[in-house]
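Written below as structure tokens is the structure these notes are about.
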Amino acid sequence: MILVLKNLFSPEELASIRSDLGPQAPWISGASSAGGQAVTQKNNQQLAQDSALAKALQQRILHAVQADPLFFSAALPHKIFNPLFNRYSGASNHYGPHIDGAVLHSRQTGERVRTDLSCTVFLNDPADYGGGELTVHDTYGAQSIKLPAGHAVLYPGTSLHEVRPVTRGQRLASFFWIQSMVRSDEQRRLLFDLDMNLLKLRQQHGETAETTALTGTYHNLLRMWAAV
Ligand code: NI
């Protein structure tokens, strides 16, 4: 499932984050953190993740996504890998087709995180740069994603994906991975659909015996499938 999370930040918050991510920020070659196959494809810049700036911005990203109920319902997060930041511009302008590592070790928390889902948060306006689409090769074919500043996309960690060359301007984004309580994308999808439709039924009819019973079904499925 590919899901868009909208308006995670106000325009003022976005302007402040972009200002923090200006040329003075500790940008380093993105290749320094890519493993194995991915390193041959990666040509971008990344914010030094141990910097004080990266740590402060990580908290802002986490706070914003965790405030969105859609994020919880779709991802059912168990562990979140500390958000990273990247910049595509000039000669460092793309990340060719690759698969992210299945299990990542966070230097920051010491944890290992299984990458069930990936999330990209777009931090600047699509009109500010040419190209730079996130292309996710899904079972339905290639999906090309280029979202307004402050929107994010959640997609399965199992997908082959790439960032197309940025031909003008710069593309700023944050990205991170989530280990879900529910490992299977299919099972998460069923739980998400059930949850969203229960929400709509409650809006239309209030709480009824049926919505209470179906909420029980939701939690019993979650209990059956969740690993925490
Ligand atoms: Ni990737």
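When a ligand or atom number is given, it counts from 1 through the structure's own listing order. The shown structure was predicted, so the numbers you read here are calculated from the model rather than taken from an experiment.
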**OP:** Can you spot which of H161, R164, Q41, E162 makes a side chain to side chain contact (heavy atoms under 4.5 Å, CB included) with Y95?
**Re:**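 So, applying the side chain to side chain contact (heavy atoms under 4.5 Å, CB included) to Y95 and each of H161, R164, Q41, E162, only Q41 qualifies.
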Measure from the side-chain N and O atoms of [X] to the backbone N and O of [Y], and report whether any donor-acceptor pair falls under 3.5 Å.
{"X": "W225", "Y": "M181", "answer": "no"}
{"X": "H78", "Y": "L76", "answer": "no"}
{"X": "R188", "Y": "R183", "answer": "yes"}

Original post:
Who passes side-chain hydrogen bond (donor to acceptor under 3.5 Å, both in side chains) against N93, sequence neighbours left out?
Top reply: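 Result, side-chain hydrogen bond (donor to acceptor under 3.5 Å, both in side chains) vs N93: none returned.
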Original post:
Excluding waters, which protein N, O or S atoms are within less than 2.8 Å of the Ni ion (ligand 1)?
Top reply: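 Those protein N, O or S atoms (cut-off: under 2.8 Å from the Ni ion (ligand 1)) are H98 NE2, D100 OD1, H161 NE2.
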Original post:
Do R18 and D128 sit within salt-bridge range, that is, some charged N less than 4.0 Å from a carboxylate O?
Top reply: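 Looking at D128 together with R18, the answer is no, because their closest N to O distance does not fall below 4.0 Å.
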